[in-house]
*Asks:* 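Input: one structure, supplied below.
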Amino acid sequence: MDKVFTQEIHKQFEFDANVAGVFDDMLSRSIPYYKEVLALSADFALEYAKKDSVILDLGTSTGAMLLEIASKAKIPLNLYGMDNAPSMLEYAQRKLDAYGVQAHLICGDILQEEFPKCDVVIANYTLQFIRPLEREKLVQKIFNALNAKGVFILSEKVICENKTLDFKMIQYYLESKKKRGYSEFEVNKKREALENVLIPYSEDENKIMLKNAGFSHIQMLFCWVNFATLIAIKD
């Protein structure tokens with residue numbers, strides 16, 4: 001169970017060994033409707049996948065997205081997961097092995113690693129950790145890696161351009177975390193650790209970034225207060 005922030009931590013948030021073992025619990029308690037978003041992302045990924053399609057999961061962490069896709073797939077697929085945290089990928093490999101799922105796990109910087117040609121790219125709660133100056137380059141890289149009619153599915157924490165409403169949405173979200181068992185201390189410590197590490201865009205900023213990269217159709221798949229899932233289609 002996630003107890004990472006029950007004590008003082010004097011550093012920014014890192015996806016290290018302390019986090020890897022409790023990461024699934026952390027996400028399910030920190031991200032509203034996390035499991036539903038995984039299921040939704042997998043369902044739409046499979047709508048656009050063909051036999052032997054390559055599906056690339058960026059920021060794959062413990063491999064939950066790959067497992068969700070594999071559990072639903074009715075056709076053979078080539079699953080790839082990429083992450084820069086060795087501890088996460090070690091945990092992911094153990095999970096994949098336990099369920100007999102074949103996937104190519106790549107340990108590396110998604111800004112630097114070469115992407116295979118894909119029909120689907122997924123980045124759930126990943127872009128928000130990429131510095132804004134590099135984020136648009138990454139989205140362009142994703143667009144270039146996609147085959148024609150390919151799709152990019154992304155989930156992000158988002159901000160509201162109305163500052164008053166944004167504050168109220170953040171407070172509502174923080175209260176929801178307390179209802180899931182996090183203490184006031186844990187909530188505040190995690191906020192401090194994520195400051196200047198997680199940099200969210202607004203919904204419009206995300207859509208503009210996707211359009212600038214060349215995506216022609218962008219649609220909201222899911223939204224809860226300050227969390228959103230989008231799908232972008234390449235013609």
Side-chain angles (χ1 to χ4, degrees), residues 1-4 13-49 52-130 138 141-142 145-146 150-157 197-198 221-222 227 229 231:
M1 188 174 181
D2 175 20
K3 297 289 185 181
V4 172
F13 184 81
E14 295 179 9
F15 295 97
D16 56 19
N18 290 329
V19 172
V22 298
F23 195 60
D24 290 337
D25 179 65
M26 180 183 288
L27 290 184
S28 64
R29 294 167 67 203
S30 298
I31 298 177
Y33 298 96
Y34 173 67
K35 292 181 180 178
E36 288 81 359
V37 168
L38 280 185
L40 184 69
S41 299
D43 290 341
F44 273 85
L46 291 170
E47 285 289 331
Y48 287 88
D52 296 323
S53 278
V54 171
I55 297 180
L56 172 62
D57 183 32
L58 297 176
T60 197
S61 61
T62 64
M65 187 74 258
L66 298 176
L67 283 171
E68 185 73 21
I69 293 170
S71 70
K72 294 182 171 184
K74 306 298 184 185
I75 54 176
L77 298 168
N78 294 297
L79 301 179
Y80 284 75
M82 190 176 293
D83 204 290
N84 67 350
S87 297
M88 289 289 188
L89 291 181
E90 289 171 12
Y91 197 80
Q93 190 63 66
R94 291 199 296 270
K95 285 171 63 178
L96 292 168
D97 289 344
Y99 286 94
V101 173
Q102 296 293 318
H104 309 274
L105 298 183
I106 302 167
C107 187
D109 185 343
I110 62 176
L111 297 172
Q112 303 297 328
E113 292 289 335
E114 185 176 345
F115 295 167
K117 292 299 290 184
C118 313
D119 287 314
V120 181
V121 176
I122 302 171
N124 281 333
Y125 315 107
T126 298
L127 295 189
Q128 59 199 25
F129 289 102
I130 304 297
L138 175 59
K141 182 180 176 182
I142 291 167
L146 283 167
V151 298
F152 176 34
I153 298 169
L154 65 155
S155 300
E156 293 280 284
K157 193 173 185 180
V197 176
L198 192 162
L221 286 179
F222 175 84
F227 286 82
T229 299
I231 185 169

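All values below come from the heavy atoms of this structure, side chains included, with hydrogens, waters and symmetry mates left out.
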*Asks:* Between CG of L154 and CG of L58, what distance do you get to the nearest 0.5 Å?
*Replies:*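 Between atom CG of L154 and atom CG of L58 there are 10.5 Å.
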
*Asks:* If you take all heavy atoms of F227 and S30, which pair is closest and at what distance?
*Replies:*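 Minimum heavy-atom separation between F227 and S30: CZ-O, 4.3 Å.
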
*Asks:* With a 3.5 Å distance limit and no angle check, can you tell me whether N84 reaches the backbone of G108 through a side-chain donor-acceptor pair?
*Replies:*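 Checking the backbone N and O of G108 against the side chain of N84, no donor-acceptor pair under 3.5 Å is found.
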
*Asks:* So with a 6.0 Å cut-off around CZ of F44, is the heavy-atom count from everything else above 12?
*Replies:*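 Counting neighbours around CZ of F44, 12 or fewer heavy atoms of other residues, nucleotides or ligands fall under 6.0 Å, so no.
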
*Asks:* State the CG-CG distance between L79 and D57, to the nearest 0.5 angstrom.
*Replies:*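 Answer rounded to 0.5 Å: 9.0 Å.
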
*Asks:* Without swapping roles, check the side chain of D83 against the backbone of C107 for a donor-acceptor pair under 3.5 Å.
*Replies:*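 No, D83 side chain to C107 backbone: no donor-acceptor pair under 3.5 Å.
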
*Asks:* If you look at every heavy atom in Y80 and L66, which pair is closest and at what distance?
*Replies:*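 Shortest heavy-atom contact: O-CD2, 3.6 Å.
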
*Asks:* Any side-chain heavy atom of L105 sitting closer than 4.5 Å to one from L96?
*Replies:*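 Yes, side chains in contact.
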
*Asks:* Between I130 and I110, is a side-chain contact (heavy atoms from CB on, under 4.5 Å) present by the stated rule, with each step listed?
*Replies:* CA-CA 10 Å; I130 304 297; I110 62 176; 4.1 Å; yes

*Asks:* Is the number of heavy atoms from other residues, nucleotides or ligands within 6.0 Å of NZ (K117) greater than 12?
*Replies:*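 Counting other residues, nucleotides and ligands, NZ of K117 exceeds 12 neighbours.
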
*Asks:* Mark yes or no for whether E156, through its side chain, and L127, through its backbone, hold a donor-acceptor pair below 3.5 Å.
*Replies:*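 Between the backbone of L127 and the side chain of E156 there is a qualifying donor-acceptor contact (under 3.5 Å).
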
*Asks:* Is it the case that more than 12 heavy atoms not belonging to E113 sit under 6.0 Å from its CD atom?
*Replies:*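 Enclosed: over 12 neighbouring heavy atoms sit under 6.0 Å from CD of E113.
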
*Asks:* Can you tell me if K95 uses its side chain to pair, donor with acceptor, with the backbone of T62 under 3.5 Å?
*Replies:*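 A pair under 3.5 Å: yes.
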
*Asks:* Please name the pair of heavy atoms, one in A49 and one in L77, separated by the smallest distance, quoted to 0.1 Å.
*Replies:*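 Minimum heavy-atom contact is CB-CD2, 3.9 Å.
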
*Asks:* Looking only at heavy atoms, which two atoms of A42 and K72 are closest? And how far apart?
*Replies:*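 Result for this residue pair: CB-CD, 4.3 Å.
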
*Asks:* How many angstroms lie between atom SG of C118 and atom CD1 of I55, to the nearest 0.5 angstrom?
*Replies:*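 That separation rounds to 9.0 Å.
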
*Asks:* Does a donor on one side chain and an acceptor on the other come within less than 3.5 Å for S28 and K35?
*Replies:*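 Per modelled atom types, S28 and K35 side chains form no pair under 3.5 Å.
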
*Asks:* Any side-chain heavy atom of V54 within less than 4.5 Å of one from V120?
*Replies:*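 No, their side chains stay 4.5 Å or more apart.
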
*Asks:* How long is the gap from OG on S41 to CG on N124, to the nearest 0.5 Å?
*Replies:*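 These two atoms lie 4.0 Å from each other.
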
*Asks:* Using every non-hydrogen atom in the two residues, find where P116 and L56 come nearest and quote the distance to one decimal.
*Replies:*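 So the two residues come closest at CD-CD2, 4.3 Å.
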
*Asks:* Say you draw a straight line from CG of L38 to CG of L67; how long is it, rounded to the nearest 0.5 Å?
*Replies:*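 If I round to the nearest 0.5 Å, the distance is 9.5 Å.
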
*Asks:* Is there a donor-acceptor contact under 3.5 Å from the side chain of S71 to the main chain of E68?
*Replies:*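 Flag set: sc S71 to bb E68 pair under 3.5 Å.
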
*Asks:* Can you tell if the side chain of Y48 reaches within under 4.5 Å of the side chain of D119, non-hydrogen atoms only?
*Replies:*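 In short, these two side chains do not touch, never coming nearer than 4.5 Å.
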
*Asks:* Nearest 0.5 angstrom please: E36 CD to T229 OG1, how far?
*Replies:*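 Here the interatomic distance stands at 11.0 Å.
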
*Asks:* Has K157 got its NZ or CZ under 6.0 Å from the middle of the six-membered ring of Y125, at an angle within 45 degrees of the ring axis?
*Replies:*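 Because its charged atom misses either the 6.0 Å distance or the 45° angle limit, K157 does not stack over Y125.
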
*Asks:* Considering only heavy atoms from C-beta outward, does the side chain of L146 approach that of F115 to under 4.5 Å?
*Replies:*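 In short, these two side chains do not touch, never coming nearer than 4.5 Å.
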
*Asks:* Does any part of the side chain of L111, heavy atoms only, come nearer than 4.5 Å to the side chain of L138, both counted from C-beta?
*Replies:*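 Counting from C-beta outward, L138 and L111 do come under 4.5 Å.
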
